[in-house]
Every structure is written in structure tokens, then in C-alpha cells.
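Convention: sequence-line order gives letters A, B, ...; per-chain numbering from 1. As the structure is a prediction and not an experimental result, all values here were calculated from the model.
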Amino acid sequence: DAKTTQPNSMESNEEEPVHLPCNHSTISGTDYIHWYRQLPSQGPEYVIHGLTSNVNNRMASLAIAEDRKSSTLILHRATLRDAAVYYCILRDVLARQLTFGSGTQLTVLP
Amino acid sequence: DTGVSQDPRHKITKRGQNVTFRCDPISEHNRLYWYRQTLGQGPEFLTYFQNEAQLEKSRLLSDRFSAERPKGSFSTLEIQRTEQGDSAMYLCASSQPYLAGTENTEAFFGQGTRLTVV
């Protein structure tokens with residue numbers, strides 16, 4: 001599986017936008033970029049995924065670099081409930097499982 | 001539907017004992033996964049079922065581990081002769097059937113079973 005690199009931790013102030021980066025320089029043409037997050041004492045939760053174009057949903061936006069070697073998860077207005085570990089995952093189009101890294105621990109300050 | 005349900009939420013067992021965990025996936029999901037997560041790490045894939053067929057097993061799944069999914073509904077994960085290194089959170093996830101055009105459907109995770117081996 002192609003690897004991703006994320007910062008170990010990030011901090012944000014409540015009600016401000018948060019940009020969570022992910023590098024994936026060895027991404028292949030059939031890899032989708034997935035983001036999951038894990039709140040304390042919970043299982044991971046799907047956030048968003050994309051292939052080449054930027055994507056938006058009610059939770060977040062995903063900005064994908066033109067060369068696809070990096071992406072950014074954008075939370076438009078962070079709330080205290082967004083404090084979680086955020087995982088950036090590359091998943092081949094036919095892969096069955098998700099391969100998690102260590103993720104980014106996001107702390108949201110009131 | 002209440003989502004993916006796992007039971008028990010917590011289990012403390014003595015080294016050498018056998019334990020069994022149960023996972024009830026979302027009802028229309030035919031794909032079911034087990035993962036293991038240790039403190040500070042992301043979840044690691046253990047095994048995958050499509051309906052009742054176990055199609056993939058990780059090398060992490062030693063011969064002390066066995067998983068079943070009779071009739072393609074709920075699944076059980078059994079660990080025999082538990083060791084302290086088995087202490088972890090065991091997560092179950094399910095996702096929709098594979099259909100062309102729905103590749104990479106999202107996985108829905110349960111809250112996990114936290115196992116402590118003493």
C-alpha cells in the first residue's frame with residue numbers, strides 16, 4: 001500500500017478553519033484518498049474521500065493537489081467536537097480493507 | 001438501524017483464557033471487517049468477510065485467533081490462550097455490497113471491544 005505522511009498533532013481555535021495536510025508522494029493512479037476520524041473512545045468515522053477533484057460534503061472539504069501527491073482536509077469551522085485523530089488513507093479502487101497510519105491528533109482550543 | 005454493534009464493550013481476562021467477541025453489522029451490509037488497535041496506533045486490519053466467506057486474513061491473525069460469520073449476519077472473533085500482547089481494542093466494521101460504480105464505499109465502525117489481559 002502507498003504510504004501517507006501526516007503531522008503527529010495540530011491545534012486549532014474553536015470556530016476557525018482547520019487545514020489538515022497529508023503527503024502521499026507514491027500515490028498510484030487507482031488510489032483513492034480517504035479521510036477518517038476517530039473521536040475518543042469511539043471507532044473511526046468516515047469523513048470524506050476523493051480521487052482527483054476537490055470534494056465537499058457536510059462534514060468537510062477535501063482539496064487534492066493537481067499532481068495528487070498531497071491533499072488537505074479542511075474543516076471550515078472547528079468545534080470542540082471535532083477534536084479527534086484524523087487519518088489520511090490511500091485505498092486502491094479494488095482494495096477491501098483500509099490501511100491506517102498514526103494520523104494527526106487535532107486539538108481544538110476554546 | 002443503530003449502526004454496527006459490538007459486544008462486550010470491555011473484557012478483562014486472565015492470561016491463558018479464551019475470549020469471544022461479537023459484532024452485529026448494519027443489516028444490509030454484506031462486507032464485514034475486524035481490526036485491532038493498540039494505544040497510540042491506528043487500527044490494523046485482521047480479517048475480511050464477504051457474506052459468510054472469510055476472504056482475507058492478515059498475518060497478524062495468528063492461529064490462536066479465529067473468526068466466523070455464520071449465515072453472513074453477525075460475526076464472532078475468538079482468541080484462544082490469550083496473552084498480554086493481545087490487549088487492545090478490537091474493532092468491527094461493515095460496508096455495503098460491492099457494485100460497479102460504488103467502489104470505495106465507506107466503512108462503518110462499531111465502538112469496539114477493549115480487551116485487557118492480566
Side-chain angles (χ1 to χ4, degrees), chain A residues 1-9 20 22 27-53 55 57-60 62 64 71 73 84-106, chain B residues 2-6 9-10 21 23 25-26 29-51 53-61 88-114:
Chain A
D1 292 321
K3 219 176 135 88
T4 62
T5 304
Q6 299 178 251
N8 288 334
S9 62
L20 295 162
C22 181
I27 191 169
S28 75
T30 54
D31 283 334
Y32 281 74
I33 302 160
H34 287 248
W35 284 82
Y36 279 74
R37 72 179 186 180
Q38 189 170 20
L39 281 65
S41 302
Q42 301 288 320
E45 171 188 35
Y46 169 82
V47 178
I48 200 166
H49 77 277
L51 183 61
T52 55
S53 305
V55 185
N57 66 21
R58 62 175 179 80
M59 285 182 72
L62 176 60
I64 301 172
S71 61
L73 179 71
V85 178
Y86 286 78
Y87 297 100
C88 169
I89 300 164
L90 299 184
R91 187 182 185 189
D92 181 80
V93 63
L94 293 178
R96 290 157 172 164
Q97 72 269 29
L98 297 162
T99 302
F100 291 81
S102 300
T104 296
Q105 173 70 63
L106 175 67
Chain B
T2 55
V4 177
S5 175
Q6 291 190 246
R9 291 290 311 280
H10 302 273
F21 311 138
C23 171
I26 293 171
H29 288 183
N30 74 336
R31 295 192 274 185
L32 186 145
Y33 313 79
W34 285 97
Y35 290 79
R36 181 176 72 183
Q37 185 174 25
T38 52
L39 210 58
Q41 302 298 315
E44 296 171 294
F45 169 74
L46 291 178
T47 191
Y48 162 73
F49 287 85
Q50 184 166 305
N51 299 311
Q54 187 173 19
L55 296 185
E56 199 162 338
K57 288 197 282 189
S58 159
R59 274 167 281 175
L60 292 174
L61 211 67
M89 174 78 83
Y90 289 84
L91 292 160
C92 176
S94 69
S95 64
Q96 288 179 336
Y98 175 84
L99 295 170
T102 64
E103 296 89 352
N104 288 273
T105 57
E106 62 182 280
F108 292 80
F109 283 81
Q111 291 189 298
T113 294
R114 180 165 294 288

**Inter-residue atom distance Met89(B).CE - Gln42(A).CD, 0.5 Å rounding** = 9.0 Å
**Asked** Is it the side chain or the backbone of Arg9(B) that comes within 4.5 Å of chain A heavy atoms, both, or neither?
**Response** side chain
**Request:** With sequence neighbours excluded, tell me which residues meet side chain to side chain contact (heavy atoms under 4.5 Å, CB included) with Gln41(B).
**Result:** Ser102(A), Thr38(B)
**Asked** What part of Leu51(A) is in contact with chain B, defined as an atom under 4.5 angstrom from a non-hydrogen atom: side chain, backbone, both or neither?
**Response** neither
**Most chain A-contacting option - heavy-atom pairs closer than 4.5 Å, from Pro43(B), Gly112(B), Gly42(B)** = Pro43(B)
**Prompt:** Which answer fits Gln105(A), side chain, backbone, both or neither, if we ask what part of it has an atom under 4.5 Å from a heavy atom of chain B?
**Reply:** neither
**Prompt:** chain A heavy atoms under 4.5 Å from Glu44(B): which part of the residue, side chain, backbone, both or neither?
**Reply:** neither
**Request:** Measure the CD-CZ distance between Gln50(B) and Arg96(A) for me, rounded to the nearest 0.5 Å.
**Result:** 7.0 Å
**Request:** Would you name the heavy atoms of Leu98(A) and Ala107(B) that are closest together and state the gap between them?
**Result:** CD1-CB, 4.2 Å
**Asked** Can you pull the salt bridge (charged side-chain N to carboxylate O under 4.0 Å, His left out) pairs that have at least one residue in residues 43-53 of chain A, sequence neighbours excluded?
**Response** Arg37(A)-Glu45(A)
**Prompt:** Going by heavy atoms in the side chains, are Pro44(A) and Tyr35(B) under 4.5 Å from each other?
**Reply:** no
